[in-house]
Enquirer: 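Dumping the structure here so I can ask a few things about it.
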Amino acid sequence: MFLSVFDMFKVGIGPSSSHTMGPMVAAARFLDLMRASPFEFAGLRGSLHGSLAFTGVGHATDRATILGLAGFVPETYDNDKAEAALAKIAETHSVAPEGLPILKFNPKDDLVFDYEHTLPGHANGMILMATDAQSDVILRQVYYSIGGGFVLTEEELNDGAATDEGAPVPFPFKSAAEMLEMAKSSGKSIAEMKRDNEISRGCAQSFAKGSVRLWQVMNDCIERGLTTDGILPGGLKVRRRAKKIYDALLAERGMNLTAPHTINDWMSVYAMAVNEENAAGGQVVTAPTNGAAGVLPAVLRYYLDHVPGASESHIEDFLLTAAAIGGLVKFNASISGAEAGCQAEVGSASAMAAAGLCAVMGGTPEQVENAAEIALEHHLGMTCDPVAGLVQVPCIERNGLGAIKAVSAASLALRGDGQHFVPLDAAIETMRQTGQDMNEKYKETSLGGLAVNVPNC
């Protein structure tokens with residue numbers, strides 16, 4: 001099983017990897033399908049299903065789909081250009097993607113939120129259609145946004161593309177047990193095995209540069225969040241809090257009376273800074289999703305700024321180790337809140353961050369696996385119940401607590417020798433089963449939990 005670091009950590013835009021990035025990617029793929037088709041197209045239509053319908057407005061799914069059909073992609077997204085494009089589409093009721101004719105498209109009529117019909121492949125489903133001059137559909141494709149910005153067509157999903165292993169790699173572990181056995185027999189760390197896998201699929205130099213960029217984007221996101229205040233968009237009037245907390249923490253530095261637990265506030269504020277940026281539609285890195293994007297950067301920033309002896313030379317090992325754990329979770333369970341609740345998002349992120357921190361602090365492969373298991377185990381059963389469908393409440397604070405749990409899990413694992421009662425594989429399988437059993441209204445639909453017990457205005 002191989003999932004690249006650059007698949008697990010993708011640069012994109014907020015507020016949601018599955019609801020914003022995924023639909024934008026799907027729309028871009030549909031445009032490519034149209035460009036390769038012999039038909040003459042005159043218009044576009046689309047429908048959003050399942051979780052994409054129920055929380056689509058709060059997650060900017062409609063906006064992302066519209067922009068995707070206009071030719072925007074997450075990697076090169078420019079907000080000013082996007083706003084100008086949306087204004088033009090609203091005025092002309094058309095889009096003009098590169099390589100295609102001007103296409104009729106009035107979002108109010110041609111993009112439907114279908115609350116009645118779910119699609120069979122995944123909770124996040126959408127249908128995109130192209131029409132001829134008579135408004136008859138002549139091209140149709142079903143897409144599923146399966147979490148973390150990953151998108152599959154209906155055919156790809158049915159053909160097993162979600163579990164496609166691709167070309168062979170030196171260390172093809174599909175479970176934590178296999179990972180530990182390979183580490184033992186090879187004498188390599190988890191990061192070293194993951195690095196060998198990455199290099200076998202591409203250039204070592206480009207991998208190193210890509211890793212540097214990932215952390216740069218993550219850290220830039222933290223910095224923007226720590227220095228920006230105001231009200232988050234969406235109608236709930238949620239105040240940004242990271243800047244105020246950060247300023248207070250800076251003012252308290254050096255004071256002898258600061259309580260030891262204040263370190264938790266540092267971890268939380270880094271995570272909250274990222275998720276406030278995400279909620280505002282800023283540039284973030286999926287880790288493994290947008291809704292959980294603050295956990296891992298917060299733990300890595302905590303390591304660099306607060307742990308004695310920390311070194312930036314260890315960032316790559318942190319990301320490699322975290323990606324290895326994230327790949328196991330995605331391959332054997334899910335990283336999608338719409339599929340398995342928030343345990344699949346913040347729980348996975350916390351496990352990844354715990355593993356990364358444990359590794360760069362000298363943990364053995366067994367201790368790293370233990371750290372990941374502790375973090376994941378104590379997120380099991382967590383529901384996804386965003387108030388008003390926005391990635392704000394409880395998502396922003398939840399990332400802070402996920403970071404704290406990750407650091408605690410790594411610390412506990414480092415205090416032991418790697419032997420523990422519950423294997424990581426058992427925790428991952430439990431998460432899968434729990435997600436399968438979980439009531440649908442607690443899986444990113446905003447039909448249960450806090451979403452129905454907290455006033456939306």
Enquirer: Ile146 and His122: which non-hydrogen atoms are nearest, and at how many Å?
Expert: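 Between these two residues, the closest heavy atoms are CA-NE2, 3.7 Å.
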Enquirer: In terms of side-chain geometry, is the basic nitrogen of Asp247 or Lys243 positioned less than 4.0 Å from the acidic oxygen of its partner?
Expert: yes
Enquirer: Salt bridge or not between Lys88 and Glu91? Use side-chain N to carboxylate O under 4.0 Å.
Expert: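 So Lys88 does not pair with Glu91 through a salt bridge.
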Enquirer: How close do Pro15 and Val391 get, heavy atom to heavy atom, and via which atoms?
Expert: O-CG2, 3.5 Å
Enquirer: Closest heavy-atom contact between Ile89 and Phe105?
Expert: CG2-O, 4.1 Å
Enquirer: With side chain to side chain contact (heavy atoms under 4.5 Å, CB included) as the criterion, how do Leu236 and Gln392 come out once you've worked through the C-alpha distance, each side chain's angles and the decisive distance to 0.1 Å?
Expert: CA-CA 9 Å; Leu236 285 182; Gln392 298 179 16; 4.3 Å; yes
Enquirer: Tell me if the CD1 atom of Ile102 is crowded by more than 12 foreign heavy atoms within 6.0 Å.
Expert: no
Enquirer: I need the Leu86 CG to Asp62 CG distance, nearest 0.5 Å.
Expert: 9.5 Å
Enquirer: Is the shortest side-chain heavy-atom distance between Thr321 and Val368 below 4.5 Å?
Expert: yes
Enquirer: With distance as the sole criterion, is a donor-acceptor pair present between the side chains of Glu444 and Thr55 under 3.5 Å?
Expert: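 No, Thr55 and Glu444 have no side-chain donor paired with an acceptor closer than 3.5 Å.
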Enquirer: Spell out, as yes or no, whether a donor-acceptor pair under 3.5 Å connects the side chain of Thr289 to the backbone of Gly148.
Expert: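 Between the backbone of Gly148 and the side chain of Thr289 there is no qualifying donor-acceptor contact (under 3.5 Å).
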Enquirer: Walk me through whether Val299 and Phe318 qualify under side chain to side chain contact (heavy atoms under 4.5 Å, CB included).
Expert: CA-CA 10 Å; Val299 174; Phe318 188 108; 3.9 Å; yes
Enquirer: Flag yes if more than 12 heavy atoms outside Glu397 fall under 6.0 Å of its CD atom; otherwise flag no.
Expert: no
Enquirer: Closest approach of Gly291 and Val346, non-hydrogen atoms and distance?
Expert: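 Smallest heavy-atom distance, with atoms named: O-CG2, 4.5 Å.
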Enquirer: Could you tell me whether the side chain of Asp132 and the main chain of Glu40 form a donor-acceptor pair under 3.5 Å?
Expert: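 The answer is no, because no donor-acceptor pair under 3.5 Å joins these two groups.
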Enquirer: Please say whether more than 12 non-hydrogen atoms of neighbouring residues, nucleotides or ligands are located less than 6.0 Å from CZ in Arg213.
Expert: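 No, because the 6.0 Å sphere around CZ of Arg213 holds 12 heavy atoms or fewer from other groups.
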Enquirer: Would you say the side chain of Met34 lies within less than 4.5 Å of the side chain of Leu139, judging by non-hydrogen atoms?
Expert: yes
Enquirer: With no hydrogens and no angle check, is any side-chain donor or acceptor of Ser350 less than 3.5 Å from a backbone partner on Gly402?
Expert: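 Present.
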Enquirer: So does Val57 get a backbone contact from the side chain of Thr61, meaning a donor-acceptor N/O pair under 3.5 Å?
Expert: no
Enquirer: ring-ring contact (aromatic ring centres under 6.0 Å, His included) for Phe207 and Phe6? Distances and angles first, verdict last.
Expert: CA-CA 9 Å; Phe207 170 74; Phe6 305 109; 5.6 Å; yes
Enquirer: Angle between ring planes, Tyr115 versus Phe54, binned at 30° and 60°: parallel, tilted or perpendicular?
Expert: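 Ring orientation, 0 to 90° scale: tilted.
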Enquirer: Looking at Arg240 and Glu277, does any basic side-chain N land under 4.0 Å from a carboxylate oxygen?
Expert: yes
Enquirer: Is there side-chain contact between Leu152 and Tyr143, with at least one heavy-atom pair below 4.5 Å?
Expert: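 Not in contact.
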Enquirer: Decide yes or no for Phe171 and Val169: does some side-chain heavy atom of the first lie under 4.5 Å from some side-chain heavy atom of the second?
Expert: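 No. Closest side-chain heavy atoms not under 4.5 Å.
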Enquirer: How long is the span from the NE2 atom in His49 to the NE2 atom in His117, to the nearest 0.5 Å?
Expert: 8.5 Å
Enquirer: Would Leu214 and Val5 count as a side chain to side chain contact (heavy atoms under 4.5 Å, CB included) here? Give the steps.
Expert: CA-CA 10 Å; Leu214 285 175; Val5 168; 3.8 Å; yes
Enquirer: Below 30° counts as parallel, above 60° as perpendicular, anything between as tilted: where do the rings of His59 and His19 land?
Expert: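 Judged by the thresholds at 30° and 60°, the geometry between His59 and His19 is tilted.
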Enquirer: State, to 0.1 Å, how close Phe9 and Ala323 come at their nearest heavy-atom pair, and which atoms those are.
Expert: CE1-CB, 4.0 Å
Enquirer: With side chains defined as the heavy atoms from C-beta onward, is the minimum distance between Met24 and Thr65 less than 4.5 Å?
Expert: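 Heavy-atom side-chain distance check fails, nothing below 4.5 Å.
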Enquirer: Kindly say whether Asp110 contributes a backbone atom to a donor-acceptor pair with the side chain of Asn106 at under 3.5 angstrom?
Expert: no
Enquirer: Would you check if Val11 and Thr286 make a side-chain contact, meaning some heavy-atom pair closer than 4.5 Å?
Expert: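 No, too far: nothing below the 4.5 Å cut-off.
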Enquirer: Between Asn332 (side chain) and Lys174 (backbone), is there a donor-acceptor pair under 3.5 Å?
Expert: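 Pair found, side chain donor or acceptor close to backbone of Lys174.
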Enquirer: Is there side-chain contact between Cys221 and Pro297, with at least one heavy-atom pair below 4.5 Å?
Expert: no
Enquirer: For Pro168 and Ser200, work out which heavy atoms get closest and say how close.
Expert: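 What the structure gives for the nearest pair is O-OG, 4.5 Å.
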Enquirer: Would the distance check show the side chain of Asp317 and the main-chain N or O of Val360 forming a donor-acceptor pair, the cut-off being under 3.5 Å?
Expert: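 Pair absent, no side-chain N/O of Asp317 close to backbone of Val360.
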Enquirer: Going by atom types alone, do Gln216 and Asp220 pair a side-chain donor with an acceptor below 3.5 Å?
Expert: yes
Enquirer: Find the distance between CG (Leu69) and CG (Leu103) and round it off to the nearest 0.5 Å.
Expert: 9.0 Å
Enquirer: Under a 3.5 Å threshold, yes or no: a donor from one side chain and an acceptor from the other, between Asn219 and Arg301?
Expert: yes
Enquirer: Scan side-chain atoms only and decide if Glu198 and Ser4 contain a donor-acceptor pair under the 3.5 Å cut-off.
Expert: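 Checked: Glu198/Ser4 side chains pair up, N/O donor to acceptor below 3.5 Å.
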Enquirer: Give a yes or no on whether Phe39 atom CZ has more than 12 heavy-atom contacts from other residues, nucleotides or ligands under 6.0 Å away.
Expert: no
Enquirer: Going by atom types only, do Ser336 and Ser334 share a side-chain donor-acceptor pair under 3.5 Å?
Expert: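 No pair is found: no donor N or O on one side chain lies under 3.5 Å from an acceptor on the other.
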Enquirer: Could you walk me through whether Arg239 and Ile231 pass side chain to side chain contact (heavy atoms under 4.5 Å, CB included), step by step?
Expert: CA-CA 5 Å; Arg239 290 182 297 110; Ile231 304 296; 3.5 Å; yes
Enquirer: When you check the gap from the basic side-chain N to the acidic O, do Asp196 and Lys188 get nearer than 4.0 Å?
Expert: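 Yes, Asp196 and Lys188 are salt-bridged.
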Enquirer: Would you say the side chains of Tyr303 and His314 form a donor-acceptor pair under 3.5 Å?
Expert: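 There is such a pair (donor and acceptor under 3.5 Å, judged by atom type) between the side chains of Tyr303 and His314.
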Enquirer: Cationic tip of Lys330 within the cone over Phe150's six-membered ring, i.e. under 6.0 Å and within 45° of the normal?
Expert: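 Judged by the rule, Lys330 and Phe150 form a cation-pi pair.
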Enquirer: In Å, rounded to the nearest 0.5 Å, how long is the span from CG of Leu300 to CH2 of Trp215?
Expert: 4.0 Å
Enquirer: Given side chain to side chain donor-acceptor pair (under 3.5 Å), test Thr445 with Glu440 step by step and report yes or no.
Expert: CA-CA 8 Å; Thr445 61; Glu440 292 299 319; over 6 Å; no
Enquirer: Would you confirm whether Lys443, through its side chain, and Glu339, through its main-chain N or O, come within 3.5 Å as a donor-acceptor pair?
Expert: yes
Enquirer: Ignoring hydrogens and geometry, is there a side-chain-to-backbone donor-acceptor pair from Glu192 to Ser189 under 3.5 Å?
Expert: yes
Enquirer: What distance separates Leu328 CG from Asp425 CG, expressed to the nearest 0.5 Å?
Expert: 7.0 Å
Enquirer: Do Glu316 and Lys194 sit within salt-bridge range, that is, some charged N less than 4.0 Å from a carboxylate O?
Expert: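 The answer is no: the pair does not qualify as a salt bridge.
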Enquirer: Would you give the length of the straight line joining atom CG of Asn278 to atom CD of Gln283, rounded to the nearest 0.5 angstrom?
Expert: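 So the gap between those two atoms works out to 11.5 Å.
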Enquirer: May I ask you to test the Val142-Thr153 pair for a side-chain heavy-atom distance under 4.5 Å?
Expert: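 The answer is no; the side chains never approach within 4.5 Å.
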Enquirer: Does any N or O in the side chain of Ser18 come within less than 3.5 Å of the main-chain N or O of Gly147, such that one atom is a donor and the other an acceptor?
Expert: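 Answer holds: no.
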Enquirer: Answer with yes or no whether the side chains of Glu155 and Gln141 bring together a donor and an acceptor at under 3.5 Å.
Expert: yes
